[in-house]
Amino acid sequence: MRVPLSWLKDFVDIDLPAEALAERLTLAGLEVAAIAYIGVPQASVPGLRYPKSDHLVWDRERILLGAIREVKPHPNADRLVLAMVEIGGGVIEQCVTGAPNLFDYQGQALDMPLWTAFAAEGAEVWDGHSDEPQRMILKEKPLRGIPNRSMVCSEKELGISDDHDGVILFHEPILRRDGTPFAPGTPLQDVLGDVVFEIEFTPNLARAISIYGVAREIAFLLDLPLRPPSFDAVMDGAPLGDAVRVEIRDSALNPRFTAALLRDTKVKPSPEWMQRRLRLVGSRPINNIVDVTNYITFEIGQPLHAFDYDKLAARAGGGAPTIITRTPEPGETLETLDHVKRALEPHNILVADTAGALSLGGIIGGAETEIDDGTRNVLLEAASWNYINIRRTMTTQAVRTDAGYRFSRGVHPSQAILGLKRGIELMRQTGGGQIAAGVIDVYPNPQPPIKVDLPAREIERLLGVRMSAAEAAGLLRRAAFAVEIDGETLHVTVPDYRMDIGEDTIGRADLVEEIARAYGYDRIAQTLIADEMPAQRGNPALEQEEMARDVLAALGLREQISYRMTTPAREAQLVPPGLASSLPLNPYVTLANPISSDKTVMRKTLLISLLENARHNARFTNRQQVFEIGAVYLTRPDDPLPDEPRRLGLLMTGRRYPVSWLGVDSAANVDYFDLKGVIEGLLRGLHIRARIVYERSPHTSLHPGRSARLMLDGKPVGDFGELHPLVASAFELTGAPVYVAEIDLDALLGFSPALYPITPLAVTPPILQDIALVVTEETPAAAVEAVLVKAGGDLLKRCTLFDVYRGDPIPAGHKSLAYNLVYQTDARTLTDNEVASVHQRLVKAAERELGAKLRG
Amino acid sequence: MQSQLETIYAQAAAELDSIASGEALDAWEAKYLGKKGVVIELVRSVGTLPKEERADFGKRANAIRDALMEAYQRRSESIKAQALAADLEGGAIDVTLPGRPRQMGGLHPSTHTLRRFYEIWAEMGFQVYRSRDVEDDDTNFTLLNMPPHHPARDMQDTFHTTTPNVILRTHTSPGQIRAMREFGGEGTQPIRIILPGMSYRFEQITARSEIQFHQVEGLAVGKHIRMSDLKGTIAEFAKRMFGQNAKMRYRASYFPFTEPSMEVDVECFLCGGTGCRICKYTGWLEIAGSGMVHPVVLRNGGYDPDVWSGFAFGMGPERMTLLRHAIPDIRYFWGNDLRFLEQF
Ligand SMILES: [Zn+2]
């Protein structure tokens, strides 16, 4: 909300620089998001920083309030006139201008001057003809033969608005706060200069969403006296009598409804001071009646609604109308002021009469009974509405108004009568007529004020600030709380408009916050927790996860983190055409309101994140080695909340090594064994001692011949291998083969021991021997190794495959596997005979169990 | 025989003098002094001589062998010295050629920042508690003092799912309720935790706003937890995160689940508080929303708010990372462009 400083000063005397005030408000939770300056300079306040404003500062010597005494025709030009401007001390300056709004006054004697903004030679103004902001200095320059050294200014030229259709013009003298008019020649800064704060209100500050509301906060924060506006109305017309009746059907939705009647008034433009203020807060002036409803909304935060009384009477068949507030009948519709025909919903609350709906209560009026230029009699409504219901209606009807905004945050019923009286009086003052004596005030269940007992020790318990009951009472009284002190307890009565203060424990917390705001957060000490330290639990699951990250990074992989939203169609690309899906079959966690069509569900697999990122990165690099750790989302039949297991995804593709001038290998691409090496490294890094078995993977997203399933102690933990070529091409990854893994991280980490023993260092010398065995192609390497390890028993400490050979002299359909063997005991040095005998045992076992032949 | 001895000696000595390489020296050594070397054979041949010649011949042969061995040692050292000198003088490489690249892996920038959080908070006794991304509406809102249609819900645009009452959490605060119920022992045990996790907001994705982001929430519940402790604890964090001279500013604010509520700013560490584009010329950067745990939330967590109190705070690791590394666009984080990731 825009809050002009000049308007605030109606209610509180502020002598602080605007910047210091903004800082104080911001620290107290009324965040001043921006400060706009109109003509006045930005102050420099020690210790405060804010963006430098590049607005135009009006020269106090050269930019003045002018009074146009006469508008003369230009002797040489039809589209120019000469404005004779008095600028004080009887001095008249002649300004040549093409301002269209002066043409009407050409050649007339002006009994009353036209008030304007005058700029003398040498003054700096904005160039009104430039589309881009451009400053210029006024210079003497004859216009069509007439000397001209000064000007009358448009709002654009002074940086007030973008309006350059005419010069600034007031028909009424501009008054000081004390009611006396400003004289010609007064520096314009003092007349129209202003500072406008843009304040953002958090939901607890409903009471402050008005100029008076902000003024009240300022008075509270700075401990200044507050001057409320006048709530007196001259109600000397004929009695209201039975001119209108009001019926509230549900006082929970509409706690209070007040109304007043202004007779024989005239709808016309609002006074210029009111129009000026409305423009400052961003409201477009329409006519005095509509403007007053807006003015009161901005000024005290109580929205009003004006009906054309005669239209209501006509709907009532010429009799006295009856206003009914109620929820809609089935199928009922209403055309609102914004010309939207609305289908009403059961929770909407309507202001209606016997002929049907009139307006959407508290939000927007109906088209049929609105004020027009011919309106003579005005029925003014000031009501209060259930804020939750208003909020809901604004959401479902997709309508946002200044009134609805305030009611949806909460406006107390006590404010209705204040707004009604101030509003009807301003309508009378601006439009004339008589206010009917008496008001309608239907208020079925007024609530007693909230009372809270606050022991002073609560302040210390919650804030860590020791404060006497008297000091706390002083702070609360500044905010208009009524406080009685009883020993160390404060008996507090809450002002009615403070709907943010609760009762009992909550009320105490609310009051403590109020005390903290008045005391100043910056004055609260900084302490360290003295309370007992809770049980320290650690988070083993997280620690293991972080260990996995470290191991993978050490293995040369780069971590990625992806959006967790995808679409079923995107994930379906992971299944080659004609094959069954290996993805979880659980229905998706589906978003009801997706932000875009490519993010409609939560992912069920990390493969989608890996492959889409790979597709993106393939445009920039020929080498990708990445991992991601994160949740997938699997719905459960028996629980509305999904399972969120952690997964580990790996992806490797392209060059094995970074490009280098060294070595021929830099052109080689990664293959299955690079990925498997990472997985083996991970298992080693996590110190997993389970029985590790690699089976062929049935995962259909993978190449059937070049993929494996990792089994730990017989339990499947993940699948990895070359991406199925059809899947690769679906993701446009048609260059080097892509290798991926998806691993159940929870299962994997379940095998990682919290403690693991190391192997003591042997002191006896190892005996090294090689063995090469010829086996059939079909014999898996793992089977050969298993036989050797088993036959080697305790003496065989290590068995490492170092060569696989095919070709002459190995017979066709066979291969030779060569192993380094390390024999060793922990206790003593092995004899040659012992080694020869166990080596022989290995050869025999291989022959017997695998049909292997020792290679000569 | 003696003359043959002298001839061989002269020949060996002459050959040795002309030797310039280590290989030739090795060959010379094998030829004369090796197991089957000429000189060694001569020494060994003493036994085949007539008795009266043996003494003289043997003495001379040994002397020659020793002399040649010594000459060999000298020659060997001088050749080594020459080779060393040649290598030091002529063996220069182009030191500006690039090194052999190592395989460098690394962690996502958000992980780096999260780990920094874990570390600092752990030192202050806050341990990590994680809870789910897909939440029920009650835990995300209602139990945190935001009943349906509460205006504060406007502050957090929400992704709903097609399952009624199930949403993507808009903040990590629902973890407060879960943690209090899990660790609070029916409101009898103090708690000190941080709650990191991915949160989701229904917003347009732009350079400055994301639909998905990490949050790290903190929660301390005890019998003597005060707002001054909150200030002191966050200031301590800021000092460790941003440096010992970090200056703080505290602003009143509003969150439905805390009361009093407080925003915490730290003096802009990019401009030192003099004002820059990043801090919008205010000299301050917002680092945390915080406050004393609202009585309703304590009660929903099982605690008696008249006896127990607590504080909570929430921070955005991505935002801090963005500031620290001058990252121009928040979409870099989940874009996973390797050109970005490899800079960390
Ligand atoms: Zn800065």
Side-chain angles (χ1 to χ4, degrees), chain A residues 26-29 49-51 202-204 388 391-392 408-409 462-464 505-506 509 513 516-517 521-522 524-534 537 539 542 549 553 555-563 589-593 595 613 617 620-621 631 633 640-642 644 658 660 662, chain B residues 100-101 103 105-108 110-111 125 127-128 132-134 136 149 151-152 159-163 166 189-192 202 211-212 220 222-229 231-233 235 250-254 259-260 262 275 280-283 292 295-296 305-306 309 334 336 338-339 341-342:
Chain A
T26 298
L27 291 182
R49 290 161 296 222
Y50 28 83
T202 48
N204 61 322
I388 286 171
R391 182 182 181 275
R392 208 172 152 205
S408 73
R409 295 294 178 99
L462 294 174
L463 299 183
T505 305
I506 296 165
E513 177 176 60
R517 287 204 319 133
Y521 281 19
D522 47 340
I524 297 173
Q526 293 184 4
T527 56
L528 288 179
I529 306 174
D531 211 23
E532 66 173 303
M533 180 71 92
R537 290 181 185 83
N539 190 325
L542 176 68
R549 283 196 173 87
L555 290 165
L557 272 62
R558 185 61 62 175
E559 188 189 16
Q560 64 171 40
I561 301 177
S562 306
Y563 285 114
V589 173
T590 304
L591 299 180
N593 57 335
I595 194 92
N613 290 331
N617 279 310
F620 311 108
T621 179
Y633 304 86
L641 295 176
E644 300 182 4
S660 168
L662 291 153
Chain B
R100 188 170 275 115
Q103 301 238 63
L107 302 178
H108 191 279
S110 291
T111 302
Q127 295 180 337
V128 176
R132 53 174 43 262
D133 287 13
V134 182
D136 57 64
H149 300 290
F159 279 110
H160 300 273
T161 75
T162 49
T163 306
V166 174
Q189 299 300 316
I191 288 183
R192 226 173 283 180
F202 182 86
I211 53 169
Q212 167 183 320
K223 281 188 176 167
H224 306 98
I225 304 280
R226 306 156 304 171
M227 194 157 159
S228 58
D229 298 331
K231 278 184 69 176
T233 305
Y250 304 93
R251 289 181 283 123
S253 189
Y254 171 74
E259 169 123 65
M262 176 169 86
K280 295 186 189 128
Y281 302 96
T282 62
M292 300 300 290
V296 167
D306 288 320
S309 57
W334 320 137
N336 293 313
L338 281 165
R339 295 170 300 173
L341 298 178
E342 284 171 359

Structural part of [X] lying under 4.5 Å from a heavy atom of chain B:
X        : answer
A:Leu557 : backbone
A:Arg392 : both
A:Asn204 : both
A:Asn617 : side chain
A:Tyr563 : both

Looking only at heavy atoms and a cut-off of under 4.5 Å, which of [options] has the most pairs with chain B?
options                                : value
A:Arg549, A:Gln526, A:Met533           : A:Gln526
A:Ser408, A:Ala509, A:Pro534           : A:Pro534
A:Leu555, A:Leu463, A:Asn539           : A:Leu463
A:Ala592, A:Ala530, A:Ser562           : A:Ala592
A:Asn613, A:Thr202, A:Thr505, A:Val589 : A:Thr505

Considering only heavy atoms, which portion of [X] lies under 4.5 Å from any heavy atom of chain A: side chain, backbone, both, or neither?
X        : answer
B:Met262 : both
B:Ile191 : backbone
B:Gln212 : side chain
B:Gln127 : side chain
B:Ser110 : side chain

Looking only at heavy atoms and a cut-off of under 4.5 Å, which of [options] has the most pairs with chain A?
options                                : answer
B:Gly222, B:Ala220, B:Gly232           : B:Gly232
B:Gln103, B:Lys280, B:Lys223, B:Glu259 : B:Glu259
B:Val166, B:Leu107, B:Thr233           : B:Leu107
B:Ile211, B:Asp133, B:Val296           : B:Asp133

Give, for atom [atom1] of [X] and atom [atom2] of [Y], the distance between the pair rounded to the nearest 0.5 Å.
X        : Y        : atom1 : atom2 : answer
B:Asp136 : A:Leu641 : CG    : CG    : 5.0 Å
B:Ser253 : A:Leu27  : OG    : CG    : 11.5 Å
A:Asp522 : B:Lys231 : CG    : NZ    : 6.5 Å
A:Ile524 : B:Asp229 : CD1   : CG    : 11.0 Å
A:Thr621 : B:Leu338 : OG1   : CG    : 6.5 Å
B:Met292 : A:Leu462 : CE    : CG    : 5.5 Å

Pair B:His224-A:Asp531, side-chain donor/acceptor within less than 3.5 Å
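Their side chains do contain a donor-acceptor pair, which is all the 3.5 Å distance test asks for.
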Is there a donor in the side chain of A:Glu513 and an acceptor in the side chain of B:Tyr254, or the other way round, less than 3.5 Å apart?
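Per modelled atom types, A:Glu513 and B:Tyr254 side chains form no pair under 3.5 Å.
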Side-chain touch B:Thr282/A:Arg49, heavy atoms, less than 4.5 angstrom:
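Of all side-chain heavy-atom pairs linking A:Arg49 with B:Thr282, none is under 4.5 Å.
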Is A:Glu532 close to B:Pro190 at the side-chain level, that is, under 4.5 Å between some pair of heavy atoms?
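Yes, their side chains come closer than 4.5 Å.
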Please confirm whether the backbone N or O of [Y] pairs with a side-chain atom of [X], one donor and one acceptor, at under 3.5 Å?
X        : Y        : value
B:Thr163 : A:Pro640 : no
B:Arg132 : A:Pro642 : yes
A:Glu559 : B:Thr111 : no
B:Asn336 : A:Ile561 : yes
A:Arg558 : B:Leu341 : yes

Provide the closest heavy-atom pair for B:Pro260 versus A:Tyr521 in the form atom of the first, atom of the second, distance.
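Heavy atoms of B:Pro260 and A:Tyr521 come nearest at CB-OH, 3.4 Å.
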Using a 6.0 Å cut-off, check whether atom CZ of A:Arg537 has over 12 heavy atoms from anything other than its own residue.
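For A:Arg537, atom CZ is crowded (more than 12 foreign heavy atoms under 6.0 Å).
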